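As structure tokens, the structure follows; a few thoughts come after it.
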Amino acid sequence: MLQCFNIFVDMTRKVRVRYAPSPTGPQHIGGIRTALYNYLFAKKHGGDFILRIEDTDQGRYVPGTEEYLIDAIKWCGFDFDEGVHVGGPHAPYRQSERKAIYKQYADQLIASGNAYYSFDSNEAVDAKRKEAEQNKKNWQYDASTRGEMVNSLTLSPAEVDQKLKEDAPFAIRFKIPADEEVVVNDLIRGRVVVHSKQLDDKVLFKSDGMPTYHLANIVDDHLMEISHVIRGEEWLPSAPLHVLLYRALGWENTMPEFAHLPLLLKPDGNGKLSKRDGDRLGFPVFPLNWTDPKTGEFSSGYKEAGYFPDAFLNLLAFLGWNPGTEQEIFSMEEMIQAFSLEKVSKSGAKFSLDKARWFNQQYLQKKSAKEILSLVQLPANNLSEAQLEKVVELLKPRCVFAKDMISVGAYFFAAPTEYDAKTVEKKWKDNSAQIVKDVAELFEAAPVFKAALLETSFKGYMEEKQLGFGAAMPPLRLVLSGAGEGPHLFDIAEILGKEECLKRMKSGIENIEKISLPKN
RNA sequence: GGCCCGUUCGUCUAGGGGUUAGGACGGCAGAUUUUCAUUCUGUUAACAGGGGUUCGAUUCCCCUACGGGCUACCA
């Protein structure tokens with residue numbers, strides 16, 4: 001592998017990249033990552049980021065997926081400069097709406113001898129393949145076999161004219177050069193060489209009047225002045241074909257540079273992550289919730305799972321890219337600055353749920369209470385805004401997602417109805433009720449209901465009664481929160497307020513004595 | 001099967017002819033804490049194998065193995 005190819009990025013040309021999904025289903029996180037890398041690359045170089053919808057296969061169209069993708073990208077916090085939803089100088093950006101454009105280029109290729117009409121039925125081609133299979137051989141429509149098929153290379157010009165006049169169904173195939181080394185310079189992988197013998201005469205134009213991906217892709221990238229094609233590794237095998245197409249169309253000088261990204265792999269078994277993996281893997285595979293319009297099957301998304309968009313983006317970016325420093329938390333701006341294709345790794349990455357949660361937790365810790373309150377609806381009960389902010393500060397270090405606060409801090413929002421059984425069993429002693437009663441009196445007498453003050457008077461009481469924290473605190477915590485663990489107890493007490501504390505102390509004693517009775 | 005791409009701790013990765021092979025997540029242990037969490041400290045664990053090239057290879061080359069992708073008138 002020649003590493004020198006990694007370094008060269010032609011900066012004399014305006015950087016224009018595209019994300020070109022096919023609306024055959026919701027884009028999973030792998031697709032979002034591809035879009036993100038395209039975006040980062042574009043913005044790093046002051047370029048444009050374009051959305052083009054590759055809907056040349058009408059049979060696989062799934063309604064709603066185009067909107068889904070745009071929503072997902074927007075949720076992530078970025079957007080396209082040109083595309084189906086925002087327009088642009090190269091509109092339309094949907095290939096089905098560009099249908100009229102492609103035929104002329106197919107014709108041009110025929111005229112220049114780089115393509116030909118194929119009149120073979122699917123059945124005829126399949127038969128050839130099956131026959132070869134039985135002999136344990138490969139068959140492909142190529143230089144070695146096209147002579148035995150029904151096409152404009154084997155038919156006389158008159159016969160071809162006749163067929164076309166009769167409206168006989170035809171496809172247009174690319175005529176791959178018979179004997180040539182085709183070189184693809186990949187920005188991530190270096191120089192990749194494939195012999196043209198390995199390539200088949202791909203259909204460029206289908207009998208339904210639509211181009212195939214290969215033709216439409218090259219034509220649109222050329223017309224839209226795309227400078228870099230950054231896409232998944234699954235396209236690497238067809239990259240030589242694309243290089244040949246650029247050349248045959250006479251566009252070799254403005255051919256985009258290629259970068260083939262490593263794939264996102266299934267964390268269990270093997271294989272690339274698929275949109276069919278849905279929720280099977282124990283983590284969301286999609287950015288947003290998705291319900292399949294045909295099957296009704298539901299798949300969960302990162303957004304609804306509680307991930308922050310910036311955390312999601314950060315963790316996604318690190319699946320296959322690393323700036324080479326020890327910094328791991330990156331804002332979008334920082335990512336744009338730090339991004340480079342040379343730092344994209346070559347091997348596939350498996351998703352780690354633990355790491356994903358860690359990223360979100362890090363972002364949660366960095367957010368202010370105000371911001372968190374604007375993102376999550378807490379059951380405020382009768383807590384004031386200021387009190388809620390305190391609650392959030394206390395709960396934050398104990399949570400991964402903002403919404404965790406609702407369950408983790410449930411006792412802030414309602415008096416406990418249950419008391420942690422283990423703690424009751426281990427910590428509720430014969431003198432516990434008395435301690436709670438004593439402290440209730442202390443609380444009652446407190447001139448101002450502040451954590452520091454309450455703690456001071458509590459410590460005085462402990463000293464007087466010769467009690468340790470370990471004996472005195474758990475019963476108090478139990479009656480106030482029902483839990484065996486949590487934030488500093490007097491902070492909780494302050495937020496709850498005198499009235500509420502006294503109420504909970506009273507009912508707590510009754511309730512706990514009831515359940516711990518059998519033991520005594 | 002054919003072609004192409006890949007292979008550093010369990011995972012994400014840094015590194016690169018001479019390093020104690022670095023970091024992060026996770027795990028484990030400890031410190032702090034009334035408790036839990038946070039935080040901090042320590043610790044665990046990796047260059048797929050075999051040949052070259054070289055004074056010296058984890059790093060460069062080849063082979064093998066393994067993994068992955070592609071192999072449609074899908075994208």
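Computed from a predicted structure; not experimentally measured. Chain A is the first sequence line, chain B the second, and so forth, proteins listed ahead of strands; every chain is numbered from 1.
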Gap in Å between the two C1' atoms, one belonging to B/rG6 and one to B/rG18, rounded =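 Each nucleotide's C1' atom is 28 Å from the other's.
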Any [X] side-chain nitrogen or oxygen under 4.0 Å from OP1 or OP2 of [N]:
{"X": "A/Thr56", "N": "B/rA75", "result": "yes"}
{"X": "A/Arg129", "N": "B/rU71", "result": "no"}
{"X": "A/Lys206", "N": "B/rA75", "result": "yes"}
{"X": "A/Ser345", "N": "B/rU13", "result": "yes"}

Could [X] and [Y] be called an ion pair, given the rule that one side-chain N must be under 4.0 Å from one carboxylate O?
{"X": "A/Lys390", "Y": "A/Asp491", "value": "no"}
{"X": "A/Lys128", "Y": "A/Glu148", "value": "yes"}
{"X": "A/Lys130", "Y": "A/Asp126", "value": "no"}

Output the distance between atom NE2 (A/His214) and atom CG (A/Leu245), rounded to the nearest 0.5 Å.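 Answer for the NE2-CG pair, A/His214 versus A/Leu245, is 9.0 Å.
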Does any N or O in the side chain of A/Asp186 come within less than 3.5 Å of the main-chain N or O of A/His260, such that one atom is a donor and the other an acceptor? yes
State which of [options] makes the closest approach to the side chain of [X].
{"X": "A/Glu234", "options": "B/rG69, B/rC73, B/rG6", "answer": "B/rG69"}
{"X": "A/Leu319", "options": "B/rC5, B/rC12, B/rG6", "answer": "B/rC12"}
{"X": "A/Val192", "options": "B/rA75, B/rC4, B/rG6", "answer": "B/rC4"}

Once base and sugar-phosphate atoms are separated, protein heavy atoms under 4.0 Å mark nucleotides 27-49 of chain B, 5' to 3', with B, S and - as -------BBBBSS----------
Of A/Lys272 and A/Arg33, the one whose closest nucleotide on RNA chain B sits nearer the 5' end is A/Arg33
5'-most contact on RNA chain B (nearest-nucleotide basis), A/Lys343 vs A/Phe318, goes to A/Phe318
Could you name each residue pair satisfying side-chain hydrogen bond (donor to acceptor under 3.5 Å, both in side chains) that touches residues 473-489 of chain A, not counting sequence neighbours?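 Every side-chain hydrogen bond (donor to acceptor under 3.5 Å, both in side chains) pair that includes a residue of residues 473-489 of chain A, provided the two are not neighbours, is A/Glu455-A/His488.
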Practice prompt. Take the angle between the ring planes of A/Phe318 and A/Trp321 and call it parallel below 30°, perpendicular above 60°, tilted in between.
Written response: perpendicular
Next item on the list: Tell me what A/Asn138 touches on the nucleic acid: a base, only sugar-phosphate, or nothing, going by heavy atoms under 4.0 Å.
Entry: base
